[in-house]
Amino acid sequence: MRQGENGETTEKRVGGRVGRRTVLKAAGASLAVAGLGATATACGGGSDSGDGTVTLRYSWWGAEDRAERINRTIALFEKKHPKIKIKTDFQPYTDFWKKFNTQASGGNPPDVFQNAIGFLRKYDAKNVLLDLSGQVEAGHLSMEGFRAGLEKFGEIDGKLLGVPVGSNSMALVIDKPVFARAGVTAEQGWTWDDFDEAMARIRDRAGRAGDSGMYGVMYLYDLYLRQNGKAFFTEDGLGFTEADLTRWWTKAEKGVRSGLFADPRKAAQIKPKSALSGELAGSEFTWDNFTVRYTSEGKSEYGLAPVPTTDGKKTGQYLGSLMLSASKRTRHPEEVARFIDFMVHDPEVAKIMGYDRGVPATQAQYDAYRPTDPVNKAIAAYEESLVDAGVLEPITPHPNGADICEAAFLRIAEELGLGKRSVADAVKQFFTESKTALAG
Amino acid sequence: MGTAVTHAPATEAPARDSEPRHGPVKSPRPAALKRRGRRENLAGYLFMSPWIAGFLLLTAGPMIASLYFAFTDYNLFDAPRWVGLDNFSEMFADPRWRHSVQVTLWYVAVGTPIKLIAALGVALLLAQKRRGQAFYRAAFYAPSLIGASVSVAIVWKAIFSDDAIVDRTQKLFGVDVGGWTGDPDLIIYSLVALTVWQFGAPMVIFLAGLKQVPRELYEAADVDGAGRLRQFWNITLPVISPVLFFNVLLETIHSFQIFSSAYIVGGGAGGNACGPADGTMVYTCYLYVQGFENSRMGLASAMAWMLLVGVALVTAVLFWSQKRWVHYEEGGR
């Protein structure tokens, strides 16, 4: 454009262009305004629309079966609190954390979400979790009436970062007919030697591997370490040495080679089904409430056996728990607190959820749900037996980065089982990766 | 302002008419031309604007950001911290990263040639005039259209699993490996099979190339008594070598970018993201693990730029090598 060549024309042309531009700008601006308006309604207004109704976003991990139960509890909550609406969102475990991570880092985490011990410090360090103690003081959330000291479970450095919804404990979930065929009975106080013998008997008499691959279960190795006066984690690092892990994995390698543990090649292919419900193994160390899942997954009948001990007494066990946590960025801390309060105290919720997320954390909910089916009955009996045997201890800390350590432990153990790594190599790799994870 | 727009051309026109001092009025005046040209330009830019905006917002912006992040420690939550070349040195020291490079190079080096040979072989068959050619072409091309989808990867995993169709067929021949997808050494072959199965796209390009080979050359060769194989080596292959080069280049770059099939056949959700013992841990898979599972976006960005450099290098080598084997007609090169 040669400006000034012809003043008038240029000006007019510019005028014309400006006109067009203005139209475009106006259009753009109005779009932007509309967009802002929409955002405003979505964030502020939509959350507290004219009549004072508030919408909370609630995310959790799990599958269809849990979704159905959770939707029923939400319907109940919305009936009792007509001014609060709940929008839910769920994924399987690993996908859940990927999505959550992305949402949280983008400043848009769900108002309330399912959480676990391995993630508390991580997201506290990242300033994501709301300290709920203020809501407890304000009387919107009650921390009374929890079983077995569970109210302390989500407390870190004096902050209440999670409220337990259920408790569970590590157990040996067994294929009952297989154990019967092999003539193995497992009783509270059995030792690791007894366990090894049982594995061999199952292999020889029932023609199946005894266990599905306990050497990769971080929570079981933690118990083993606790039985020996150590622990998997300390406040900010690992609580065991390379020599400890070398012993654990050397035994594992022998177990895989001699067929005591399920063939990792086959186990890898039936995922996400477990080696136990896929009939590759006779038992599996996992959380006791997984019995519910395996019963719907597999064809056999599943029961619970205690964790083996080193000295015939101490199992190193503690109660684990799923929790509900709130986002620090929620605009509705009070409503979130009321929702959590409802989820952990209302007896009706316990009747709907059953032992899906572990045995209810509060006494009121525990009393409200008395299982009648054999699987849930077995879980109740198992937890009662733990209390009776007096083996429960306080949990060891999970530092920031614990979740990555757990994933590495599982993965490297699998590589060991598959014969892709020697024991020495696997141990070295795990320590290298954990160091990075725990430093970050 | 709206009215000014509609009036502007009308008032402009008479002003123009008084301007020229010589020559007939009929020929379009340069100013008017310019105006029209500008208008067309404006329209052009207007129509391109979604693409330009998309490019700036979705491609250029993220690329620049990622280049910056590549030199930082960035976990998505805390502000990125400048660490210089630390990400790169960590990468080279990481055995898992080296493993992913190995797996990827192996996959590219084995998968791409087999795929191209299959594509060329089928193209040679389909180039002949037979009944139902159109059907065969469509049938062989179809996997290329759906092959990249997640659902196909899931089906693929099922096909190659323990006691599934491939495993059972093998057992008929007395080979028992217990399924490919559980074996860290075998699972990558199922991915190679998956990419070879999708040979349709290069096949179509080969077909077009084969149509260009002059008939006279074959006739002359027939007269000279050259056999079929000799004709293929001395006529077909040299003539279609530019097409071959194009396919090699495209498929190589494409192979380097493999992700979804490796991620899904290898396991997807679960403790192990990319196959048993990282058997399908291709480069992009590890990049994803570092970025989204370990929240190390800085490191993942560095890995992405490393991949870009790697692919650029391989491409450069291919271009350099074409002097030796690609024949362009009439001094093309």
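Numbered from 1 within each chain, the chains take letters A, B, ... in sequence-line order.
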Worksheet item: Parallel, tilted or perpendicular for B:Tyr288 and B:Phe259, by the 30°/60° rule?
Response: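 Answer is tilted, since the angle falls between 30° and 60°.
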Non-hydrogen atoms of chain B under 4.5 Å away: do they reach the side chain of [X], the backbone, both or neither?
X	value
A:Glu406	neither
A:Ala104	both
A:Gln91	neither
A:Tyr123	side chain

Answer with yes or no whether the side chains of [Y] and [X] bring together a donor and an acceptor at under 3.5 Å.
X	Y	value
B:Trp97	B:Tyr283	yes
A:Ser274	A:Ser277	yes
A:Glu253	A:Tyr215	no

Practice prompt. Quick one: pull up CE in B:Met303 and CG in B:Asn87 and give me the separation to the nearest 0.5 Å.
Written response: 10.5 Å
Worksheet entry | Spacing of B:Ser301 atom OG and B:Met306 atom CE [to the nearest 0.5 Å] |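 Answer for the OG-CE pair, B:Ser301 versus B:Met306, is 14.0 Å.
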Item to complete: Measure from the side-chain N and O atoms of A:Ser212 to the backbone N and O of A:Ala262, and report whether any donor-acceptor pair falls under 3.5 Å.
Response: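 No.
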Worksheet entry | Whether A:Thr102 side chain and A:Lys98 backbone form a donor-acceptor pair below 3.5 Å | yes
Discussion item. With chain A as the partner, which of B:Asp78, B:Thr181, B:Asp94 has the greatest number of non-hydrogen pairs under 4.5 Å?
Written reply: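 Sorted descending by pairs with chain A, the first entry is B:Thr181.
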Discussion item. For the interface with chain B, which of A:Ser105, A:Ala408, A:Gly417 has the highest count of heavy-atom pairs at distances below 4.5 Å?
Written reply: A:Ser105
Worksheet item: Do you know the tightest heavy-atom contact between A:Ser434 and A:Phe430?
Response: OG-O, 2.5 Å
Response to the item:
Under a 4.5 Å heavy-atom criterion, the part of residues 49-74 of chain B in contact with chain A comprises none
